[in-house]
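Whatever order the structure lists them in is the order used to number ligands and atoms, beginning at 1.
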Amino acid sequence: MNDNLFATFARRMHERADAPFITTREGRDYSYREALDQAASLAGALKELGVVPGDRVAVQVDKSPEAILLYLACLKVGGVYLPLNTGYTPDEIAYFLGDAEPRLFVCRPAAIDAAEKVAAASGGARVVTLGSDADGSLMATAAAATPLAQAVERSADDLAAILYTSGTTGRSKGAMLSHHNLGSNAASLVKAWRFSENDRLIHALPIFHTHGLFVACNVVLLSGASMRFLTKFDADVIFDELPQGTTMMGVPTFYTRLLKDSRLTREACATMRLFTSGSAPLTAETHQDFEAATGHAILERYGMTETNMNTSNPYDGDRIAGTVGTPLPGVEVRITDREGKNHEPLPQGDIGMLEVRGPNVFKGYWRMPEKTAEELLDDGFFITGDLAIIDERGYVQIVGRDKDLVISGGYNVYPKEIEGHIDELDGVVESAVIGLPHPDFGEGVTAVVVPEPDASLDEASIIAAISDKLAKYKQPKRVFFTDNLPRNTMGKVQKNQLRERYKETYQASR
Ligand code: MCA
Ligand code: AMP
């Protein structure tokens, strides 16, 4: 049997051939039949462009239905899909191309010159383009290509995708996800969240991360539902779309923004049956306010790039604010002593390191065997880096992070990477990057900088100096200066003290 995830999707897509798969506000819609046809043409194009099974296909394109069909085509031809945040700068892209050595790099038409330069200097990928109006050289190649009829044979453990996740050391790591990792998790979620062909998902997430790509699209494909595909989150558009939807998946910022609007009422959500949240902590306050305004208890779930989704609040039963629910079927969780070496489970009710095991857990980090061994244990448990507690009903509560990580509007920012760029600037002795409570993004990236005595640095000059190196969402929203950073006796910067010192920073404004 072919374990290619595309083959699984295709069975359902054929059954739903006449039904809508993707609809857009611009009217560029695809039925499942049209999606199958276009994915076959794109798979034919990938083959003609030299992609063979196991080849990475790196993709940095704007959100469009064709980008989803490219993902499907890549699976079909046996390639390894490697989506990249549209905000990444050429500097950042150079690292990913150099590390992953993709056969092909698909970029936006306007970015072709920079992309060709970067690709030539890092790994030598062939560059083609895909625009948000179904334009670009890849679409032209697909139009002339012989469609690929059958999905290439893949086994369950073969790679389907690599998603980069930044590391605490500052170097991004490519999480290798197999066909079975993705397929088994999507099947669990369809069941857990009762997805069916009657669903219409309001899709406003970006499609280069686990949430918008796998959680949202794979669940729709497996259930034969349809999605209203929005280019980005915009509250006005969401209010316009809600009456046609049945479900929406979001990061907490979606919900805090909707809550600020008087249009958020029970009537506005009359056709909706489910709102889910993840990627960052949803506060109990947001959960309760949303329920008061709409009658819907947001279903919060918890996942990671390396593991897909691990736990979920129940569809039926109590969705407890401030918790991420219980493990999905087949997923095991344990809380261990984070200081201990032997990963002994702690007594129920203790706070400790959350570790997870199951068919959802990835195959390791691309070309980083040591990192993989550090985080993926011999017994199959993966160390999440999240600190958690499990209550007597088995609900998991994430209470903090052992890893130095900021989550801003659902995007992860690793301080080490930002600090590295700031520390390189003239006049900077050292820096510490922290996350502070932010009313819109949950946490705001903040830099605390120690300048050299005679340096003439200010907030704007620091941000300007790193702006072409780092994606916008990673850039500090505020920069503060101090004479020295607080350290403990081991010399480690006491970020808790800095968070305390600057915690009021974002209270007044966004
Ligand atoms: C945009 N900006 C941001 C962010 N997004 N800054 C910090 N953090 C962000 N998340 C910048 C913009 O460039 C802009 O800069 C300014 O902030 C305000 O932009 P605005 O128009 O308000 O932002 P937006 O375009 O509306 O975007 C906010 C957003 C978006 C809708 C929250 O960031 C988003 O869609 N986030 C979802 C992320 C996501 O899908 N994460 C899933 C990861 P300026 O004005 O100066 O130009 S997968 C995952 O985490 C795991 C596996 C899981 O469990 O799901
Ligand atoms: P990523 O590296 O983008 O996959 O982000 C994964 C991290 O996001 C997790 O390790 C958690 O720290 C965080 N996360 C995801 N979902 C939740 C949630 N529902 N509550 C709290 N943190 C979350």
- request: Could you pull out the closest heavy-atom pair between Arg108 and Thr86, with the gap in Å?
  value: NH2-O, 2.9 Å
Short side-chain donor-acceptor distance under 3.5 Å, Thr165 and Tyr414: no
- request: Using a strict 4.0 Å cut-off to heavy atoms of Thr305, name the atoms of ligand 1 that fall inside it.
  value: 52 (C)
task: Output the list of atoms in ligand 1 that are nearer than 4.0 Å to some heavy atom of Gly409, sorted by atom number.
output: 10 (N), 32 (C), 33 (O), 36 (N), 37 (C), 38 (C)
- request: Under the ring-ring contact (aromatic ring centres under 6.0 Å, His included) rule, collect the residues that match up with Phe481, sequence neighbours excluded.
  value: none
query: Based purely on interatomic distance, does Tyr411 place a nitrogen or oxygen under 3.5 Å from a nitrogen or oxygen of ligand 1?
result: no
statement: The protein residues that pass the under-4.0 Å heavy-atom test against ligand 2 are Thr165, Ser279, Ala280, Pro281, Glu300, Arg301, Tyr302, Gly303, Met304, Thr305, Val324, Asp386, Arg401, Lys403, Ile407, Asn412
message: Distance alone, cut at 3.5 Å: any donor-acceptor contact between the side chains of Ser461 and Asp458?
response: yes
Residue Leu205 vicinity, atoms of ligand 1 by number, heavy atom under 4.0 Å: 40 (O)
query: Counting from 1, what ligand 1 atoms have a heavy atom of Thr253 closer than 4.0 Å?
result: 32 (C)
message: Using a 4.0 Å cut-off to any heavy atom of Lys477, which atoms of ligand 1 qualify?
response: 3 (C), 6 (N), 7 (C), 11 (C), 17 (O)
- prompt: Heavy atoms only: which of Met309, Met304, Arg301 is nearest to atom 54 (O) of ligand 1?
  reply: Arg301
task: Could you check which of Lys232, Arg257, His211 puts a non-hydrogen atom nearest to atom 28 (C) of ligand 1?
output: Arg257
message: Within the 4.0 Å heavy-atom shell around Ser408, which atoms of ligand 1 are there?
response: 7 (C), 8 (N), 9 (C), 10 (N)
message: I'd like to check which ligand 1 atoms, numbered from 1 as shown, lie under 4.0 Å from a non-hydrogen atom of Gly303.
response: 54 (O)
message: Check this for me: does any side-chain nitrogen of one of Lys416 and Glu419 sit under 4.0 Å from a carboxylate oxygen of the other?
response: no
field: Subset of ligand 1 atoms that lie under 4.0 Å from at least one heavy atom of Tyr473
entry: 3 (C), 4 (C), 6 (N), 7 (C), 8 (N), 9 (C)
- prompt: Quick one: do Asp199 and Arg194 make a salt bridge, cutoff under 4.0 Å?
  reply: no
- prompt: Does any N or O atom in Ser279 lie less than 3.5 angstrom from one in ligand 1, N or O only?
  reply: yes
- line: Here the pair of heavy atoms bringing Met227 nearest to Cys217 is CE-SG, 3.6 Å
query: Judging by distance only, is a nitrogen or oxygen of Lys472 under 3.5 angstrom from one on ligand 1?
result: yes
- request: Only counting residues at least two apart or in another chain, list the ones meeting ring-ring contact (aromatic ring centres under 6.0 Å, His included) with His209.
  value: Tyr411
query: Under a 4.0 Å N-O cut-off, is there an ion pair linking Lys474 with Glu417?
result: yes
- prompt: Is there any N or O on Gly410 that sits under 3.5 Å from an N or O of ligand 1?
  reply: yes
- prompt: Pairs in or reaching into residues 272-306: which pass ring-ring contact (aromatic ring centres under 6.0 Å, His included), with residues at least two apart or in two chains?
  reply: Tyr255-Phe290, Phe275-Phe290, Phe275-His296
- request: Verify the neighbour count for atom CD of Glu332: are there more than 12 heavy atoms of other residues, nucleotides or ligands below 6.0 Å?
  value: yes
Min heavy-atom dist Lys474 to ligand 1 below 4.0 Å: no
query: Do Lys63's NZ or CZ and the ring of Phe229 fall within the cation-pi criteria of under 6.0 Å and 45°?
result: yes
- prompt: Has Pro206 got any heavy atom lying under 4.0 angstrom from an atom of ligand 1?
  reply: yes
- prompt: Are Asp91 and Lys469 close enough for a salt bridge, meaning some N to O gap below 4.0 Å?
  reply: no
- prompt: So, Phe21 versus Tyr30, ring centres under 6.0 angstrom or not?
  reply: no
